[in-house]
Structure formats: structure tokens, C-alpha cells
Amino acid sequence: MWVLRRPERSENNNHMKIDRLIGILSVLLQKEKVTAPELAEKFEVSRRTINRDIEDLCRAGIPISTAQGARGGICIMEGYRMDRTLLTSKDMQVILAGLRSLDSVSGSHYYGQLMEKIKEGSSAFVSGRDSILIDLSSWYKESLAPKIEMIQTAIEERRLISFQYYSPKGESSREIEPYYLIFKWASWYVWGWCRKREDFRMFKLNRLDGLKVSADPYDARTVPLPDLSSERIFPGAIQVKAVFRPEMRWRLVEEYGPRCFEVQPDGTLLFQKEYTDEENLIDWMLTFRDQVTVLEPEHVRQELLAIAERVAGIYKGE
């Protein structure tokens with residue numbers, strides 16, 4: 001689960017300062033010595049600001065020494081160098097992979113800029129090629145990125161959001177107090193307090209339209225972490241029994257693993273599994289067209305038959 005947040009304008013200076021302090025510390029941990037003008041140029045601030053940042057790091061307990069003159073500069077004291085790295089190279093690679101994945105759906109350049117700061121401060125420390133590449137953008141990046149950006153702002157500023165929501169049960173207008181952005185089940189969701197239902201709800205971003213961030217703030221509630229278990233989100237277990245054609249082995253392996261079926265004497269694949277949502281089950285079975293026969297439950301068999309008859313009627317012109 002990833003929670004994406006962007007600072008409101010009034011807090012932006014503090015947020016930028018924290019980023020800068022982390023960046024300065026990263027540089028000092030990787031270099032023997034650096035000058036204040038070099039840090040000022042790197043972080044695009046004045047030399048006076050860098051001096052104040054160094055004082056703040058010292059107050060935080062980081063043993064930093066400064067020296068004047070041609071060979072002077074800023075460095076971490078020798079006695080502290082027994083462990084100059086806060087993170088291992090593997091740790092840094094994982095952090096960069098996470099930032100890169102967030103950048104793939106970001107509507108701004110914030111995460112990309114943060115990656116560059118980390119890389120520049122740890123260039124000798126981050127060795128080798130990237131081994132983990134994550135892209136969360138999906139086919140809907142152009143429509144998702146603005147929604148994610150707006151919801152980030154609303155979460156940080158504690159602003160209500162409103163939108164038109166399309167679900168299997170119909171279309172409705174919603175106004176919610178947003179608390180989390182969630183990536184789960186290969187999709188993005190917003191989780192918050194729905195004022196219409198007077199309860200916490202999760203909404204799929206691809207299903208909402210006309211997203212607006214209200215000027216009205218809300219008082220934050222005591223918010224429990226969302227329960228993202230399939231049983232909680234999709235209650236009601238359904239015992240499924242179906243026979244698939246041998247040609248569908250690759251899909252069953254891809255989606256449920258190589259031990260989700262038993263090979264029958266005639267080569268067909270007997271699939272038995274507990275499914276959590278009937279609508280999704282029917283949609284999934286329809287993607288196999290004539291390559292599957294559902295044996296149980298009977299009401300799902302009948303619904304698939306009714307759908308097939310309606311589709312046949314459409315194409316026969318009835």
C-alpha cells in the first residue's frame with residue numbers, strides 16, 4: 001500500500017527544508033569534505049541558508065565540523081566515520097525503485113527530482129544497474145495522474161472531494177473526506193469517510209468522474225487503517241467448479257498458479273476454487289468464451305446461459 005501526499009503551501013517551506021537537510025546529510029556521509037558554496041549551488045539556496053542548515057544538523061546530534069581557508073570545508077567528524085552509511089546499496093536501490101514507481105503516476109516532477117537528489121548525494125554508493133523497475137501507471141496514466149495529484153492535495157490540506165461514481169449498482173454523487181490513496185489489485189483507489197453512507201468506503205479512481213476539491217476543510221477523524229483483505233472488500237465466498245480446455249492452462253497458471261487445477265484423463269483441467277465476488281466471477285468466465293464449462297454453482301451456470309442467449313439474440317437480430 002502506498003499513501004501519496006503533497007504538502008500544502010503553508011507547510012511547503014518546512015517540507016523543502018527537511019528534504020534539503022536529508023540531502024545535505026547524504027552528501028556529507030558520502031564525501032570527505034564539501035564547501036558551503038557547493039551545497040548552496042546544489043540545493044539552489046543561499047550560503048546563509050546552508051549555514052543555518054548545518055547548525056540545525058549539529059543541534060540534531062550530527063557531529064559536523066567546519067574549517068575555514070583554502071583547504072577548509074564541511075565534513076562529518078572523523079570519530080563518526082566508523083559507520084558512514086545509513087543505508088546499504090541494496091537499501092538505496094529499493095528506495096529508488098519505490099520513488100520511480102511513484103513517479104510513474106505522478107502528475108508533477110517531485111519524485112523525479114527527489115530521485116536525482118538521492119542519486120547525486122550517493123553516486124558512489126548506488127552501484128550497478130537498476131535491478132527493480134516498477135511502473136504503476138497502467139493504460140490510464142493521462143486520466144489517473146491528475147486525479148492522484150488532486151487527491152494528494154485534498155488529503156494534505158484536509159479538503160473534501162466530490163465526484164460522480166459509477167458502480168455495478170448504478171451511478172451516484174459522492175462527497176468524501178479522503179484519507180488514503182491505495183494501489184491494490186492492479187488499480188488505484190481512494191479511501192475515506194463517505195458522507196452519503198456515513199461510513200468509510202473505498203472508491204476506484206477509474207470509476208469516478210468530475211472530481212472536485214472543495215474549498216471547505218474537514219476535521220480529521222480517528223482513522224483506522226483500511227482492511228484490504230479480499231474477504232473484507234469482497235465478502236461472500238463462492239465455491240467454483242469448472243472444466244477448462246487444455247489450451248487455457250497458461251492463463252490458469254498465470255492467474256492462480258500451477259496447482260489450481262487437476263488434469264483429467266481426457267486432458268481437460270478441473271478447476272476448483274473459492275471465489276469472493278459473483279459479478280467478477282461471471283465476467284472472468286466470459287473471457288474464456290467457449291473454452292470453459294462451469295459445473296458449480298448452478299445459478300452461475302444459469303446466468304452464463306442467459307447471457308449467451310441474449311448475446312445470440314442480438315447477433316441474430318431478435
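Bear in mind the structure is a predicted one, so any value in this text is a computation, not a measurement.
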Task: Val311-Leu281 co-clustered via ILVMFWY side chain contacts under 4.5 Å - done: yes
Task: Residue pair Ala154 / Pro178: nearest heavy atoms and the distance that separates them - done: CB-CG, 4.0 Å
Task: Residues Lys241 and Glu262 bridged, charged N to O under 4.0 Å - done: no
- [ ] Output yes when Arg301 and Glu298 qualify as a salt bridge under the 4.0 Å nitrogen-oxygen rule, no when they do not.
- [x] yes
Open item on the list: Parallel, tilted or perpendicular: which one describes the rings of Trp284 and Tyr256, with boundaries at 30° and 60°?
Closed with: perpendicular
Open item on the list: I need the Phe163 CZ to Glu175 CD distance, nearest 0.5 Å.
Closed with: 9.5 Å
TODO: Measure the CD-OG1 distance between Glu247 and Thr268 for me, rounded to the nearest 0.5 Å.
DONE: 10.5 Å
- [ ] Answer yes if the side chains of Gln152 and Glu156 hold a donor-acceptor pair under 3.5 Å, and no otherwise.
- [x] no
Open item on the list: Are Ile74 and Val45 connected into the same hydrophobic cluster when the rule is that any two of I, L, V, M, F, W, Y join if their side-chain heavy atoms are below 4.5 Å apart?
Closed with: yes
- [ ] Compare all side-chain heavy atoms of Pro37 with those of Arg47 and state whether any distance is below 4.5 angstrom.
- [x] yes
Open item on the list: Do Ile307 and Leu295 land in one hydrophobic cluster if side-chain heavy atoms of ILVMFWY residues count as linked below 4.5 Å?
Closed with: no
TODO: Give me the ring orientation class for Trp191 and Tyr180: parallel if the planes are under 30° apart, tilted from 30 to 60°, perpendicular past 60°.
DONE: tilted
Task: Identified side-chain contact (heavy atoms from CB on, under 4.5 Å) partner of Ser162 from the options Arg174, Arg195, Lys212 - done: Lys212
Task: Polar side-chain atom of Arg158 near backbone of Ile155 as donor-acceptor pair, under 3.5 Å - done: yes
TODO: Working to the nearest 0.5 Å, report the span between CZ of Arg20 and CG of Asp53.
DONE: 4.0 Å
Open item on the list: Please confirm whether the ring centroid of Tyr179 lies under 6.0 Å from the ring centroid of Tyr218.
Closed with: yes
Open item on the list: Any non-hydrogen side-chain atom of Asn51 less than 4.5 Å from a side-chain atom of Thr66?
Closed with: no
- [ ] Hey, could you give me the CH2/CG distance between Trp188 and Leu208, rounded to the nearest 0.5 Å?
- [x] 13.5 Å
Task: Considering all heavy atoms, the nearest Ile182-Met202 contact - done: CD1-SD, 3.8 Å
- [ ] Working to the nearest 0.5 Å, report the span between CD of Glu278 and CG of Asp283.
- [x] 10.5 Å
TODO: Of all the heavy-atom pairs spanning Leu181 and Ile148, show the shortest one and how long it is.
DONE: CD1-O, 3.8 Å
Open item on the list: Taking the six-membered ring of Phe288 as reference, does the cationic atom of Arg251 (NZ for Lys, CZ for Arg) lie under 6.0 Å from its centre and within 45° of its axis?
Closed with: yes
TODO: State, to 0.1 Å, how close Cys194 and Arg201 come at their nearest heavy-atom pair, and which atoms those are.
DONE: CB-CG, 4.0 Å
- [ ] Would you check if the side chain of Lys147 reaches a backbone N or O of Leu205 as a donor-acceptor pair within less than 3.5 Å?
- [x] yes
Task: Shortest non-hydrogen contact from Met248 toward Leu269 - done: C-CD1, 4.4 Å
